[in-house]
Number of protein chains: 2
Amino acid sequence: MNDVARLAGVSIKTVSRVVNDEPGVHPSTAERVLAAIDQLGFRRNLSARNLRRGSSTGTIGLVLEDVGNPFYSGVTRAVEEIARLRGRQVISGSSDEDPGRERELALEFCSRRVDGLLIVPAGLQHSYLVPEMRAGTPVVFLDRPAGDVVADTVLVDNIGGTVEAVTHLASHGHRRIAFLGDAPDIFTANERLRGYREGCVRAGIGYHEELVAMGPHDESSVRTTLQRLHGMREPATAIVAGNNRITVYILRSLADVAERPALVGFDDFELADLLSPPVTVIAHDASALGKAATDLLFARLDGDNSPPRRVVLPVRLVPRGSGEVHA
Amino acid sequence: MNDVARLAGVSIKTVSRVVNDEPGVHPSTAERVLAAIDQLGFRRNLSARNLRRGSSTGTIGLVLEDVGNPFYSGVTRAVEEIARLRGRQVISGSSDEDPGRERELALEFCSRRVDGLLIVPAGLQHSYLVPEMRAGTPVVFLDRPAGDVVADTVLVDNIGGTVEAVTHLASHGHRRIAFLGDAPDIFTANERLRGYREGCVRAGIGYHEELVAMGPHDESSVRTTLQRLHGMREPATAIVAGNNRITVYILRSLADVAERPALVGFDDFELADLLSPPVTVIAHDASALGKAATDLLFARLDGDNSPPRRVVLPVRLVPRGSGEVHA
DNA sequence: GCGCACTATGACAACGTTGTCCCCCAGCGG
DNA sequence: CCGCTGGGGGACAACGTTGTCATAGTGCGC
């Protein structure tokens with residue numbers, strides 16, 4: 001800006017005025033300044049501007065588990081979309097389910113003075129955010145609740161989802177319904193397990209520990225589990241999968257199996273309708289999740305200081321074939 | 001920092017020393033300062049720090065087409081991974097194939113003084129980046145080349161890919177091979193068309209305009225095209241799909257068709273192996289693309305000022321079934 | 001011709017840091 | 001007792017902006 005001022009033969013304040021479209025600059029002066037800007041390729045330094053104005057940095061921090069996972073990339077897309085409408089950029093990072101990494105990312109974002117934080121919690125410890133929140137940085141947790149702070153949270157109806165999955169399978173005559181879920185210390189996995197259990201009880205088929213296998217899962221652990229379930233005296237005739245990855249592992253493991261159990265997967269995924277049989281899922285909308293959380297965040301930025309809210313988004317069962325196989 | 005200094009009864013410079021682990025602070029003083037920092041929840045303002053030090057902002061700007069697309073979210077993940085190892089955050093944005101939006105994002109990132117830019121070009125005009133590049137911001141284009149500037153570029157072997165697809169289909173006896181590609185003003189679409197044409201010529205089956213349908217495509221345009229191809233006097237017996245979205249549209253359109261043409265899709269996608277028949281694809285690695293581009297960027301940041309490079313990543317044909325149907 | 005309003009412009013401080021330089025004081029050798 | 005050394009700490013400027021206030025010039029009414 002200094003260089004521009006020198007080249008145009010004006011003070012830096014005048015350059016500032018031109019750059020910010022402030023009134024009170026003579027057209028011919030403005031023209032000279034613009035020419036100088038063009039010639040030097042000047043671009044105003046946003047850091048300095050925000051520092052001086054003490055105003056928003058125009059950024060939102062997003063901490064999620066893994067941008068590579070289609071579910072979270074859908075969330076990211078929705079967040080970005082709304083942030084754009086409100087003139088903000090998104091800085092994001094993946095925690096890979098590591099609480100330390102989550103914390104590191106969130107605090108780094110705070111150091112950059114993001115206007116707000118969206119976090120998919122990896123751990124249960126979030127008191128490290130208390131100073132930031134007290135300092136006025138709004139924080140919204142999504143997909144999972146925070147461990148030890150009270151804050152806005154957007155969840156999906158995990159319990160309702162697995163209740164519905166079990167009810168649906170039971171209505172098709174299944175009495176031996178298995179559940180393959182993610183690691184039980186992950187909030188969503190635990191909730192889905194609770195829903196599964198409740199569904200079993202409601203359907204009058206009872207909860208049987210041996211039909212449950214919690215993760216962490218990979219393709220081979222899923223394969224082993226399926227063999228175990230198949231080899232029982234009373235084999236499982238249906239399976240509820242706890243998330244999209246597990247559903248895929250199950251599909252791969254069953255690819256060369258003739259007699260397939262019924263299957264309902266949690267999370268919808270692309271091409272589920274083109275498999276044979278098409279896969280019945282508990283669907284929920286990644287972009288709705290991202291949108292709800294971002295809307296909440298912006299409401300806070302707009303001055304809403306009502307007590308923290310907890311929003312639970314509905315899920316819906318999409319019957320496609322794999323879950324409508326009779327026992 | 002001012003408040004911390006006051007509370008600890010020292011000067012702000014001493015606080016700065018403590019925060020930066022600089023030597024020359026008495027342990028007891030440091031302790032007092034740390035206590036004050038803790039009590040006030042102080043976090044150093046990175047913007048101010050970077051402004052003062054004139055150093056890197058520790059950020060990388062990433063402009064891509066759509067984070068929601070699994071291919072680009074794979075790229076994003078790889079970029080993030082490497083940036084993390086090098087202590088950088090990633091700021092990203094989706095252009096949605098809109099050159100204006102791409103430009104807006106890139107320039108906004110420049111205003112934020114990112115250390116470098118990774119761009120999946122939406123348009124052909126990139127001279128707007130010349131001042132930034134001259135000012136020392138390294139820029140790497142990925143997936144597509146820049147329009148009118150010379151810069152580092154990482155591409156995949158689009159031409160080789162479709163040549164191989166056509167050759168493969170011809171070797172299974174197909175002589176009427178169709179090509180459904182994206183809008184021809186998109187670089188990759190155009191390259192893939194060229195490869196298709198070259199493949200046809202090499203295979204000695206000739207290039208026939210009526211077998212080509214360039215986009216933009218949606219599900220219904222693909223459906224119409226397939227009907228046209230099927231209704232010809234000499235119908236197409238095989239199809240090459242220009243990208244993952246088009247492949248999926250084709251699969252959906254063919255879901256209820258008895259007599260299916262052979263199919264090879266460009267871009268691999270999850271579950272391609274579980275469809276029936278499993279889908280043969282020209283695969284290339286999103287994370288390899290992201291990694292190559294980011295490595296190149298960091299090389300520039302490390303001072304490499306050799307002439308701009310153009311890296312072309314190989315593709316490989318993955319035969320799974322849909323492309324091995326004999327004519 | 002004088003004062004007044006108004007326009008165009010500039011000088012300067014400040015945002016929150018850090019780099020440079022300087023000062024104070026204790027300890028020590030002569 | 002003097003001077004020197006070195007450790008601990010502070011004052012001040014500067015990074016690139018913008019907000020505040022001042023000022024010079026211009027035109028206009030009386």
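Here is the naming used below: chain letters follow the sequence lines, and residue numbers restart at 1 for every chain.
In this model, no donor atom of one side chain and acceptor atom of the other lie less than 3.5 Å apart for A:R144 and A:N190.
A:S47 comes within 4.0 angstrom of nothing in the nucleic acid, heavy atoms only.
For the pair A:R86 and A:D302, the salt-bridge criterion is met [side-chain N within less than 4.0 Å of a carboxylate O]. At a threshold of 4.0 Å, the pair B:R77-A:D66 counts as salt-bridged, since one of the basic side-chain nitrogens sits closer than that to a carboxylate oxygen.
A:R112 places its CZ atom 18 Å from the P atom of C:dG16, with the value rounded to the nearest Å. Rounded to an integer number of Å, the gap from CG of B:L40 to C1' of C:dG16 is 15 Å. In this structure, the CZ atom of B:R53 is 15 Å from the P atom of D:dG16, given to the nearest Å. Atom pair A:R6:CZ and C:dT9:P shows a separation of 19 Å (rounding to whole Å applied). Atoms CG (B:N50) and P (C:dG16) sit 16 Å apart, rounded to a whole Å. Whole-Å rounding puts the A:D3 CG to D:dC15 C1' distance at 14 Å. For the pair B:R44 CZ and C:dC15 C1', the interatomic distance rounds to 17 Å; values are reported in whole Å. Remark: P of D:dT18 and CG of B:L51 are 12 Å apart, rounded to the nearest angstrom.
Residue B:T29 has a polar side-chain atom (N or O) positioned under 4.0 Å from OP1 or OP2 of D:dG9. Side-chain N/O atoms of A:R52 include none lying less than 4.0 angstrom from OP1 or OP2 on C:dA14. A close approach under 4.0 Å does not occur between any side-chain nitrogen or oxygen of A:R113 and OP1 or OP2 of C:dG16.
Using modelled atom types, no side-chain atom of A:D38 and backbone atom of A:L34 make a donor-acceptor pair closer than 3.5 Å.
Remark: B:V10, B:S11, B:K13, B:T14, B:R17, B:G24, B:V25 in residues 10-25 of chain B come within less than 4.0 Å of DNA chain D through at least one heavy atom.
Under a cut-off of 6.0 angstrom, the local environment of CD in B:E22 is crowded, with over 12 non-hydrogen atoms contributed by other residues, nucleotides or ligands.
Atom OG1 of residue A:T57 and atom CG of residue A:L51 lie 11.5 Å apart, to the nearest 0.5 angstrom.
Ring planes of B:H284 and B:F71: tilted class, angle from 30 to 60°.
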